[in-house]
Amino acid sequence: MLRMSTLFLRTLRDDPADAEVPSHRLLVRAGYIRRIAAGVYSWLPLGVITLRNIENIVRQEMDKAGFQEVHFPALLPKDAYEQTGRWSDYGPDLFRLQDRKGADYLLGPTHEEMFTLMVKGEYSSYKDLPLSLYQIQTKYRDEARPRSGIIRGREFVMKDSYSFDLTDEGLVESYQRHRKAYIATFDRLRLKYNIVSAVSGAMGGSASEEFLAPCETGEDTYVLCEKCGYAANVEAMTTVVAPTDASATPALEVFDSPNTPTIDTLVDLLNAKFGGGYDGAQTLKNVMLMADEKAISVLVPGDREVDLKRLQANLAGVNDLRVFEEADFAKFPGLVKGYIGPQDAKKNGITVYADPRIAPGTSWVTGANAKDKHARFVVSGRDFAIDHYIEAAQIRKGDACPTCATPVVIDRAIEIGHIFQLGRKYAQALNLTVLDQNGKSQVVTMGSYGIGVSRAVAAIAEQSYDEIGLSWPVEVAPAKVHLVATGKEDNVFDTAEKIALDLEARGISVMLDDRRGTSPGVKFKDAELIGIPVIVVVGKALENGNVEIRVRKSGEKSEIAVTGAVDAIAALLPTLP
RNA sequence: CGGGGCGUAGCGUAGUGGCUAGCGCGCCUGCUUUGGGAGCAGGAGAUCGGGAGUUCGAAUCUCCCCGCCCCGACCA
């Protein structure tokens with residue numbers, strides 16, 4: 001039983017000055033967490049209990065799925081990370097340190113290497129697979145910008161799992177088992193979430209999916225079709241456009257277009273010259289970029305920008321991507337700035353990528369590769385060739401859903417889970433092999449799966465708070481019942497104490513506000529701020545032999561006889577989220 | 001890393017060259033009060049983020065450093 005009279009807790013009347021997002025503000029005010037450094041927080045008793053409750057739900061669901069818990073240190077020698085290249089690839093996000101002998105160590109940002117080596121150390125036969133292991137552990141990433149309190153910290157608690165299989169089919173099966181376990185976990189946490197494709201499936205499969213909890217303060221943007229349920233990270237959103245019949249389109253026509261440096265000015269000139277009907281969507285923008293020092297052009301409709309994040313995500317194998325600079329234009333004299341068209345790309349030695357909207361047969365207005373000249377009736381596939389189609393155009397609300405063509409909505413969310421078919425990258429690098437049925441050595445294939453446990457505390461808070469405070473789901477709350485004793489009569493406190501003991505005897509955890517001399521208003525405000533789902537008040541109603549039961553989330557109040565209170569509370573709890 | 005803002009008691013804040021750094025919350029003592037962050041009286045609590053400088057005099061002006069928050073870049 002938690003007793004307010006002795007609980008290590010001080011709630012704050014004012015919002016902390018350094019907290020903006022609701023979860024951060026309220027978790028600090030209600031005495032769950034305190035900031036230690038940027039992105040580093042300590043947990044007070046209420047916070048620890050809440051975090052543990054979430055951890056236990058995660059643990060139970062992982063165990064139920066047949067995954068086994070192990071535990072690694074956070075402090076790791078660099079060897080394994082050097083073998084996989086991540087000692088350098090991870091860059092400044094990795095916390096590095098040295099021991100007294102000068103040997104390099106790191107604080108683990110994620111543990112693929114360690115799990116791979118652990119399995120390598122114990123297993124060597126296909127008969128031992130499939131295998132899934134997990135841990136719940138503190139991770140360290142020296143984020144460039146920690147933010148939003150506990151949502152993006154530099155130290156955070158994560159559940160990470162790894163699956164090990166002999167075959168690709170086995171991996172898909174393990175992946176599906178994790179997916180199911182994640183659904184069960186997040187449902188129990190009472191989180192609203194969408195499962196979103198994270199990488200455009202080059203293989204057509206669901207190689208990677210994110211669990212996103214929608215909320216205003218989320219830092220991930222995703223696309224959702226409210227009709228068919230299609231959901232994708234913005235990077236993974238696809239565009240479906242059918243080819244057009246261009247047989248009736250007139251031949252390419254070059255025209256004078258002085259002083260049209262922008263799409264807007266070009267559209268104005270088109271409408272003046274050709275009697276209206278033109279808008280930016282009919283023009284073709286040629287964006288020149290350097291991809292690992294190779295010139296590429298990306299074609300998008302003139303009313304859209306190139307989304308560099310999407311482009312990068314979909315340009316496999318390119319590390320360094322940047323827009324053309326003056327010096328780059330100097331190297332390509334065939335490119336007339338402001339009047340570039342794809343017609344001469346081949347001649348200029350430029351690889352052409354295009355948004356799917358530039359489908360074969362579509363007709364465009366674009367640069368004529370000559371100063372002050374544009375061309376219209378420039379037809380894709382007839383007047384210029386596209387080397388590769390790519391998803392790189394910026395996504396907008398109302399774009400067509402790729403599966404049912406309904407206009408999509410764009411929403412923000414917190415990433416609470418990520419499941420990922422890793423493949424053989426780590427197993428290969430660290431030489432994790434098993435013997436197959438024929439006695440032949442085979443590299444194992446892996447999946448990796450993460451749940452942000454401490455982040456889930458914030459995500460749940462973000463989805464359930466209101467103006468007066470937090471409001472936890474029953475299973476997550478630091479106690480199920482917040483029992484408030486108000487008044488100065490011993491009778492009130494004795495009755496509250498008895499109810500509390502009876503509840504605890506029934507396995508219902510209780511926080512008892514047994515503070516003497518604290519005014520009722522303070523106790524009510526604290527109870528509402530802390531957010532335990534059921535508030536029971538022992539006070540004025542006791543004159544009639546009653547107590548008051550309040551549901552924190554709905555605000556519903558009812559009175560019930562003291563004698564039936566414990567039964568009533570026990571019956572009420574299962575009906576609450 | 002680029003841009004913006006901020007740093008005064010546990011928390012929220014006032015104080016733009018002048019006297020002993022002010023107020024609210026919280027905390028301690030006493031009395032009163034007990035259904036919506038009570039009242040009165042008394043009290044404790046501050047390296048004014050740090051350092052250097054200007055000045056008769058610096059929380060206040062200058063320089064350097066540190067830290068925090070927000071936007072962006074970045075983020076298995």
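Only a predicted model underlies this, so the values are computations on that prediction, with no experimental measurement involved. All chains are named by letter (A, B, ...) in the order of the sequence lines, taking the proteins before the strands, and each is independently numbered beginning at 1.
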Determine the interatomic distance between [atom1] on [N] and the same-named atom on [M]; round to the nearest Å.
N	M	atom1	result
U33(B)	C40(B)	P	15 Å
C6(B)	C74(B)	P	28 Å
A9(B)	C23(B)	C1'	12 Å
G67(B)	U29(B)	C1'	38 Å
C48(B)	A14(B)	C1'	13 Å
A44(B)	U62(B)	P	36 Å
G4(B)	G26(B)	P	39 Å
A59(B)	U20(B)	P	11 Å

When both hydrogen-bonding distances must be under 3.5 Å and the geometry is Watson-Crick or G-U wobble, what is [N] paired with, if anything?
N	value
G12(B)	C23(B)
G17(B)	none
G30(B)	C40(B)
G7(B)	C66(B)
G35(B)	none

(Q) Can you work out whether D93(A) or G517(A) has the more 5'-proximal nearest nucleotide on RNA chain B? (A)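 The residue closer to the strand's 5' end, by nearest nucleotide, is G517(A).
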(Q) Between Y90(A) and I468(A), which residue's closest nucleotide on RNA chain B lies nearer the 5′ terminus? (A) I468(A)
Does this structure show an ion pair linking [X] with [Y], if we count only N-O contacts that are shorter than 4.0 Å?
X	Y	answer
K425(A)	E112(A)	no
R154(A)	D93(A)	no
R96(A)	D142(A)	no
D303(A)	R396(A)	yes
E219(A)	R147(A)	yes
E55(A)	K159(A)	no

Q. Does the G36(B) base have a donor-acceptor partner in the side chain of R550(A) within less than 3.5 Å?
A. yes
Q) Could one point to a donor on the side chain of R10(A) or the base of C11(B) with an acceptor on the other under 3.5 Å away? A) no
Would you classify [X] as touching base, sugar-phosphate or nothing, given that sugar-phosphate means primed atoms plus P, OP1 and OP2, and contacts are heavy atoms under 4.0 Å?
X	result
E548(A)	base
E210(A)	nothing
E489(A)	nothing
A37(A)	sugar-phosphate
T84(A)	nothing
A541(A)	base
R35(A)	sugar-phosphate
A144(A)	base
S448(A)	nothing
K309(A)	base
D160(A)	nothing

Side chain of [X], heavy atoms from C-beta onward: which of [options] has the nearest atom to it?
X	options	answer
D18(A)	C71(B), G36(B), C68(B)	C68(B)
K540(A)	C68(B), G12(B), G35(B)	G35(B)
T486(A)	C75(B), G35(B), C11(B)	G35(B)
P16(A)	G72(B), C75(B), G12(B)	G12(B)
K488(A)	G35(B), C70(B), U34(B)	U34(B)
Y41(A)	C69(B), G26(B), C75(B)	C69(B)
D14(A)	C11(B), C69(B), C75(B)	C11(B)

Q | More than 12 heavy atoms from other groups under 6.0 Å of CD on E293(A) | A |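 Counting neighbours around CD of E293(A), more than 12 heavy atoms of other residues, nucleotides or ligands fall under 6.0 Å, so yes.
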Q | Donor-acceptor contact below 3.5 Å, side chain H111(A) vs main chain P73(A) | A | yes
Q) Tell me: CZ of R310(A) to C1' of C74(B), nearest whole Å? A)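 In whole Å, C74(B) C1' lies 19 Å from R310(A) CZ.
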